[in-house]
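Model, not experiment: these values are computed from the prediction.
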Amino acid sequence: MSEENLIYLLIIALIGSIAVSVSYFITRRETNARNVSNRLQWLGKQTLHCLEAISMLKAAGCMPELLDRLNRHALRYIEEISTLAPDSDLMTQVNAQKETADRMTQGQRGFTSDRDLKRFQIYVNYTENLLKDMVEKNELPYALGSSYAKELYWLNIRVVANAHVSQANQLLTQNDKLTALSHYKHAKAVLVRAMVPPKQKQPLIDEIQPRILELEPKKIYRGGALEDSLDSYLG
């Protein structure tokens, strides 16, 4: 083989090697970009859900300790987003949602409509699953996770009962006493069935019971045939 042919072969081999390297670099960069995009998509979804849950729970009067735990969890996601895509639309959206959650006042609102109540319960379920996941990953002690789960359970009971009471109060302004009575009874039933210590739910039951007694139709008792006979005899 001539020296000239050998040089050609070396050049071809070098070009092939460069082409393979460039192809690997491009493929690797595309894979990394895709991984970052998928990660950002997941982070954005989790962050927005967590921040919305914080807003909903804070509005319902959830205990500050649990809200603080959720806030710290959301901040971890936000920090990662700011590292991967600091100037992205996602970062802008997350910051806006964070400001909304921060501005929400503790116990600011009730959930009187069926739609609002359902939405609140969706985020209660989301938070319950999030806490379970944190416990499984050893990010949260089991005892503390159990305590938070009980708080969420009781918060949900209170919100549902208060929603029935609010609807009953509204119906009374429309003089719909029968439907209002039904809502008061539903509120009481929710509290009675709640798996919490009696002393925890009794104050709320005591507030509702007088309203039920006030609206409930009075029963008329008749003495029967014996009383009728006595009335005729004494008459």
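Of the possible donor and acceptor atoms, none in the side chain of Lys98 sits under 3.5 Å from a partner among the backbone N and O of Leu51. No donor-acceptor pair under 3.5 Å is formed between the side chain of Tyr153 and the backbone N or O of Tyr148. Side chain of Lys201 to backbone of Val192: a donor-acceptor contact under 3.5 angstrom is found. A distance-only check finds a donor-acceptor pair linking the side chain of Asn95 to the backbone of Met91 [under 3.5 Å].
For CG of Asp89, the number of neighbouring non-hydrogen atoms (other residues, nucleotides, ligands) closer than 6.0 Å is 12 at most. By the neighbour-count criterion of 12 heavy atoms within 6.0 Å, atom CD of Gln41 is sparsely surrounded, having that number or fewer from other residues, nucleotides or ligands. For Asn129, the CG atom counts as densely surrounded, since its 6.0 Å shell holds more than 12 non-hydrogen atoms of other residues, nucleotides or ligands.
A single hydrophobic cluster is seen to contain both Val196 and Leu57, as judged by linkage of ILVMFWY side chains at heavy-atom distances under 4.5 Å, directly or through other members. Residues Met195 and Leu204 fall within the same hydrophobic cluster, defined by Ile, Leu, Val, Met, Phe, Trp and Tyr side chains chained together at heavy-atom separations under 4.5 Å. Cluster membership check: Ile212 does not share its hydrophobic cluster with Leu171, using side-chain heavy-atom separations under 4.5 Å among Ile, Leu, Val, Met, Phe, Trp and Tyr. Under a hydrophobic clustering in which Ile, Leu, Val, Met, Phe, Trp and Tyr are joined whenever their side-chain heavy atoms come within less than 4.5 Å, directly or via other members, Ile122 and Phe120 fall into different clusters.
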Exercise. Apply side-chain contact (heavy atoms from CB on, under 4.5 Å) to Leu152 and Leu131, showing your working.
Key: CA-CA 11 Å; Leu152 284 174; Leu131 292 174; 3.7 Å; yes
Exercise. Verify side-chain contact (heavy atoms from CB on, under 4.5 Å) between Arg76 and Glu80, making sure each step is shown before the conclusion.
Key: CA-CA 7 Å; Arg76 286 171 47 203; Glu80 188 173 351; over 6 Å; no
Practice problem: Assess whether side-chain contact (heavy atoms from CB on, under 4.5 Å) is satisfied between Lys118 and Asp114, documenting all intermediate values. | Solution: CA-CA 6 Å; Lys118 182 64 177 177; Asp114 291 340; over 6 Å; no
Practice problem: Go through Asp102 and Glu99 one step at a time and tell me if the side-chain contact (heavy atoms from CB on, under 4.5 Å) criterion holds. | Solution: CA-CA 5 Å; Asp102 290 342; Glu99 290 178 6; 5.6 Å; no
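Of the options Lys188, Gln170, Glu207, Arg211, a side-chain contact (heavy atoms from CB on, under 4.5 Å) to Val165 is made by Arg211 and by none of the others.
For the pair Ser55 and Gln97, the tightest heavy-atom approach, listed with the atom from each and the gap, is OG-NE2, 4.3 Å. The two residues Ser82 and Pro86 make their nearest non-hydrogen contact at O-CB, 3.1 Å. In terms of heavy-atom proximity, Cys62 sits nearest to Leu67 at O-CD1, 3.7 Å. Listed here is the closest heavy atom pair of Val159 and Ala60: CG2-CB, 3.8 Å. Contact between Gly44 and Leu90 at its shortest, heavy atoms only, is CA-CD1, 3.7 Å. Shortest non-hydrogen contact noted between Tyr126 and Cys50 is OH-N, 3.5 Å.
For Arg72, the side chain to side chain donor-acceptor pair (under 3.5 Å) partners are Asp68, not counting sequence neighbours.
The CG atom of Leu75 sits 9.5 Å away from atom OG1 of Thr47, with the distance rounded to the nearest 0.5 Å. Here Lys132 contributes atom NZ and Lys137 contributes atom NZ; the two are 15.0 Å apart, rounded to the nearest 0.5 Å. To the nearest 0.5 Å, the span separating CG on Asp133 from CD on Glu128 amounts to 14.0 Å. Once rounded to the nearest 0.5 Å, the distance linking CD of Gln106 with CE of Met63 reads 10.5 Å. One distance of note links CG of Leu155 with CE of Met56; it measures 10.5 Å at 0.5 Å rounding. Note that CD1 of Ile208 and CG of Leu191 are 5.0 Å apart. Values are rounded to the nearest 0.5 Å.
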Using a 3.5 Å cut-off and no angle test, enumerate the donor-acceptor pairs between side-chain atoms of residues 175-184 and protein atoms at least two apart in sequence or in another chain.
from: Asp176; atom 1: OD1; to: Thr179; atom 2: N; distance (Å): 3.3
from: Asp176; atom 1: OD1; to: Thr179; atom 2: OG1; distance (Å): 2.9
from: Asp176; atom 1: OD2; to: Thr179; atom 2: OG1; distance (Å): 2.9
from: His183; atom 1: ND1; to: His164; atom 2: ND1; distance (Å): 3.1
from: His183; atom 1: ND1; to: Gln167; atom 2: OE1; distance (Å): 3.2
from: His183; atom 1: NE2; to: Gln167; atom 2: OE1; distance (Å): 3.4
from: Tyr184; atom 1: OH; to: Asn169; atom 2: OD1; distance (Å): 2.5

With a 3.5 Å cut-off and sequence neighbours excluded, list the donor-acceptor pairs that the side chains of residues 139-147 form with protein atoms.
none

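In this structure the side chain of Leu43 reaches within 4.5 angstrom of the side chain of Arg39, judged on heavy atoms. In this structure, the side chains of Asp87 and Thr92 stay at 4.5 Å or more apart for every pair of heavy atoms.
For the residue pair Gln121 and Asn125, no side-chain donor N or O sits within less than 3.5 Å of a side-chain acceptor on the partner.
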